[in-house]
S.K.: 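Below is one structure. I have some questions about it.
Keep in mind that what you see is a predicted model, and the values were worked out from it rather than measured.
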Amino acid sequence: MMAPYSQTELPAQQSRLKRMWKNPKLEHYMRFVATVSILNVIALIYGITTGSWFTADGIQLQQISNMVIANFFIAVIIRQQYVINLLFWLATRAPTTWPLSVRWHLGKVYHHGGLHTGCAINGSLWFAVYAGSLLYHFSQQLGGVSAASMIITLVIITALVFMITMATPNIRKKHHNAFEASHRFAGWSLLLLFWAQTVTLTQSQHPTMSMADIVLNTPSIWALSVMTFSVALPWMRLRRVPVDISTPSNHVALLKFDYGVTPFAGSSMAISRSPLMEWHHFANVPSPTESGYRLTVSRAGDWTGKLIDDKPTHLWVKGIPTAGVANIEVLFKRLVYIATGSGIGPCLPHLFAQKLPMLLVWSTRDPRKTYGDALVDQILEAQPDAIIWDTDKDGKPDMVKLAYSAYEKFDAEAVICISNQKLTQQVVYGMESRGVPAFGAIWDS
């Protein structure tokens, strides 16, 4: 149903100190980065003060190598789809009888990417220390460091600098396709280079050891093996599948897949037209009564525009359905979903599943014209009291005010916002700075 604009006034924000703690620049993602960095500094201080990392010849290469591998191991594993699903499963085991403050923090589990970033940065810094130590050993002819190890090290440094540069926020945002490709191909190259360096250095330092002994007695090789399997696993599930695409308008495409996979509500899948180059993640919309799933794709760039216009008959998928932010809904007794435009897509499976009392607030251009009568009727069937704001008719609302009004009148415990990055941050901060648990995507993939 169409709802009139709420004139509910927003309450005052919390104290400045509390507001600072809720600022997006201090969100849980950045707290994870900071925590990882602090732990690495503690390890560095411990190694220096105890002298355990030093010999008469200088720094022990193996100790520094262990810190490099440990950081990169976590950076890789924390992005593994099975690990992500496990993290969400563990975080959502908390019953709704637990204090709201505890459930609020558990709901931030989707900020786990901070561990990836923190470990990747610190692993790179450790590798810089390692490279300097290796160069010293090589120049002094200590420890059996070979020229091959030095060459591999220089190539690794070049690849790491390239990856970090491409991952900086400005470049990543403006050139996301280039970032994605560089992260993929440079990442694969780094894995191979770490393999080559580990084996080469171990052989040069222990020339009498057989390859079997090297494998069995080198923890770094075991870690690299797990990392390699973790990276390869989603690609082992790569397949080209048929897709049925309908376009209620030239702004939206509704994709229907049915190839033997029915994902769980709140998951996403990656799809592509060219498996090695450009992948896009969309929220799955499984039906309670049908096999397969749907995706809602809005025109938001060249790739989505071409998909809507061309309507390919097949697309590539890889990996498994992976948990997303809205999975944390079960941590709360009552919930408000805030969506704009095609952000309705990730909300749909939760609206249909109705695991808990919830209210939808959806702001979009003419909903029936843009998304079709069938989808809007399906939404209203699941959410008869939904607040649907037609921006063509009534203009753009103040989403923070609208979100707080819905939260207050529905007596909800939390708000989940699915929108573009700018509006999501506005709504999440607008709610949390007033003491309301709020959640939304953080665009870290």
S.K.: Which pairs count as salt bridge (Lys or Arg N to Asp or Glu O under 4.0 Å) when at least one residue sits in residues 176-192, sequence neighbours excluded?
M.R.: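 Residue pairs with at least one partner in residues 176-192: Glu180-Arg184.
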
S.K.: If the condition is side chain to side chain donor-acceptor pair (under 3.5 Å), which residues does Glu432 pass it with, not counting sequence neighbours?
M.R.: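 Glu432: side chain to side chain donor-acceptor pair (under 3.5 Å) contacts with Trp104, Lys108.
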
S.K.: Who passes ring-ring contact (aromatic ring centres under 6.0 Å, His included) against Tyr110, sequence neighbours left out?
M.R.: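 Result, ring-ring contact (aromatic ring centres under 6.0 Å, His included) vs Tyr110: none returned.
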
S.K.: Could you pull out all residues at least two apart from Arg19 that satisfy salt bridge (Lys or Arg N to Asp or Glu O under 4.0 Å)?
M.R.: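 Per chain and number, Arg19 pairs via salt bridge (Lys or Arg N to Asp or Glu O under 4.0 Å) with no residue.
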
S.K.: Salt bridge (Lys or Arg N to Asp or Glu O under 4.0 Å) with Asp392: which residues, sequence neighbours excluded?
M.R.: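 Checked Asp392 against salt bridge (Lys or Arg N to Asp or Glu O under 4.0 Å); zero matches.
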
S.K.: If you look at every heavy atom in Thr262 and Gly292, which pair is closest and at what distance?
M.R.: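 Closest approach of Thr262 to Gly292: OG1-N, 2.9 Å.
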
S.K.: Does the ring center of Phe332 lie less than 6.0 Å from the ring center of Phe439?
M.R.: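 Under 6.0 Å, so yes.
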
S.K.: Go through the steps for Met269 and Phe257 under the test side-chain contact (heavy atoms from CB on, under 4.5 Å), then give the verdict.
M.R.: CA-CA 11 Å; Met269 283 293 289; Phe257 294 92; over 6 Å; no

S.K.: Can you tell which of Asn327, Thr322, Asn284 makes a side chain to side chain donor-acceptor pair (under 3.5 Å) with Ser267?
M.R.: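 Answer after filtering Asn327, Thr322, Asn284: Asn284.
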
S.K.: Search all heavy atoms of Gly440 against all heavy atoms of Val325 and return the closest pair with its distance.
M.R.: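 Heavy atoms of Gly440 and Val325 come nearest at N-CG2, 4.1 Å.
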
S.K.: Just jot down the side chain to side chain contact (heavy atoms under 4.5 Å, CB included) partners of Gln378, sequence neighbours excluded, or say none.
M.R.: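 Side chain to side chain contact (heavy atoms under 4.5 Å, CB included) list for Gln378, sorted by chain: Arg294, Phe352, Leu375.
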
S.K.: Please determine whether the number of non-hydrogen atoms from other residues, nucleotides or ligands lying under 6.0 Å from atom CZ of Phe229 exceeds 12.
M.R.: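 Check fails, neighbour count at 12 or below.
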
S.K.: Would you sort out whether Leu134 and Gln197 count as a side-chain contact (heavy atoms from CB on, under 4.5 Å), showing the intermediate values?
M.R.: CA-CA 11 Å; Leu134 198 68; Gln197 186 190 56; 4.3 Å; yes

S.K.: Looking only at heavy atoms, which two atoms of Met163 and Ser182 are closest? And how far apart?
M.R.: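 Answer, listing the atom of Met163 first, then Ser182: CG-O, 4.3 Å.
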
S.K.: List the atom of Tyr130, the atom of Ile64, and the distance in Å for their closest heavy-atom pair.
M.R.: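 Result for this residue pair: CB-CG2, 3.5 Å.
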
S.K.: Has the side chain of Ser249 got a donor or acceptor atom that lies under 3.5 Å from a matching backbone atom of His251?
M.R.: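 Between the backbone of His251 and the side chain of Ser249 there is a qualifying donor-acceptor contact (under 3.5 Å).
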
S.K.: For Phe185 and Trp188, take the angle between the two ring planes, folded into 0 to 90°, and tell me which bin it lands in: parallel under 30, tilted 30 to 60, perpendicular over 60.
M.R.: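 Perpendicular.
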
S.K.: Compare every heavy atom of Val231 with every heavy atom of Leu191, then report the nearest pair and how far apart it is.
M.R.: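 For Leu191 versus Val231, the nearest heavy atoms are CD1-CG2, 3.8 Å.
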
S.K.: My understanding is that only residues two or more places apart in sequence, or in another chain, count here; which of them pass side chain to side chain contact (heavy atoms under 4.5 Å, CB included) with Ile157?
M.R.: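 Residues passing side chain to side chain contact (heavy atoms under 4.5 Å, CB included) with Ile157: Phe127, Ala131, Thr153, Val161.
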
S.K.: By ring-ring contact (aromatic ring centres under 6.0 Å, His included), which residues pair with Trp98, not counting sequence neighbours?
M.R.: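 Trp98 satisfies ring-ring contact (aromatic ring centres under 6.0 Å, His included) with no residue once adjacent residues are dropped.
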
S.K.: So, using side chain to side chain contact (heavy atoms under 4.5 Å, CB included) as the criterion, who are the partners of Pro349 when residues are at least two apart?
M.R.: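 Side chain to side chain contact (heavy atoms under 4.5 Å, CB included) check on Pro349 returns Ala265, Val285, Pro286.
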
S.K.: For residues 257-274, which residue pairs pass the salt bridge (Lys or Arg N to Asp or Glu O under 4.0 Å) check, not counting sequence neighbours?
M.R.: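 Counting only pairs at least two positions apart or across chains, the salt bridge (Lys or Arg N to Asp or Glu O under 4.0 Å) contacts touching residues 257-274 are Arg273-Asp310.
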
S.K.: Under the side chain to side chain donor-acceptor pair (under 3.5 Å) test, which residues partner Arg334, sequence neighbours left out?
M.R.: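 Arg334: no side chain to side chain donor-acceptor pair (under 3.5 Å) contacts found.
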
S.K.: For Lys401 and Leu10, which heavy atoms make the closest approach, and how far apart are they?
M.R.: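 Nearest heavy atoms, Lys401 then Leu10: CA-CD2, 3.8 Å.
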
S.K.: Taking Gly430's backbone N and O only, do any of them form a donor-acceptor pair with Arg434's side chain (distance below 3.5 Å, no angle check)?
M.R.: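 Yes, the answer is positive, given that a donor and an acceptor are paired below the 3.5 Å cut-off.
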
S.K.: Could you go through the side-chain contact (heavy atoms from CB on, under 4.5 Å) check for Leu90 and Leu86 one step at a time?
M.R.: CA-CA 6 Å; Leu90 290 172; Leu86 175 62; 4.1 Å; yes

S.K.: Test of understanding: with side chain to side chain contact (heavy atoms under 4.5 Å, CB included), list the residues that count as partners of Thr364, not counting sequence neighbours.
M.R.: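 Applying side chain to side chain contact (heavy atoms under 4.5 Å, CB included) to Thr364 gives Trp362, Pro367, Tyr371.
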
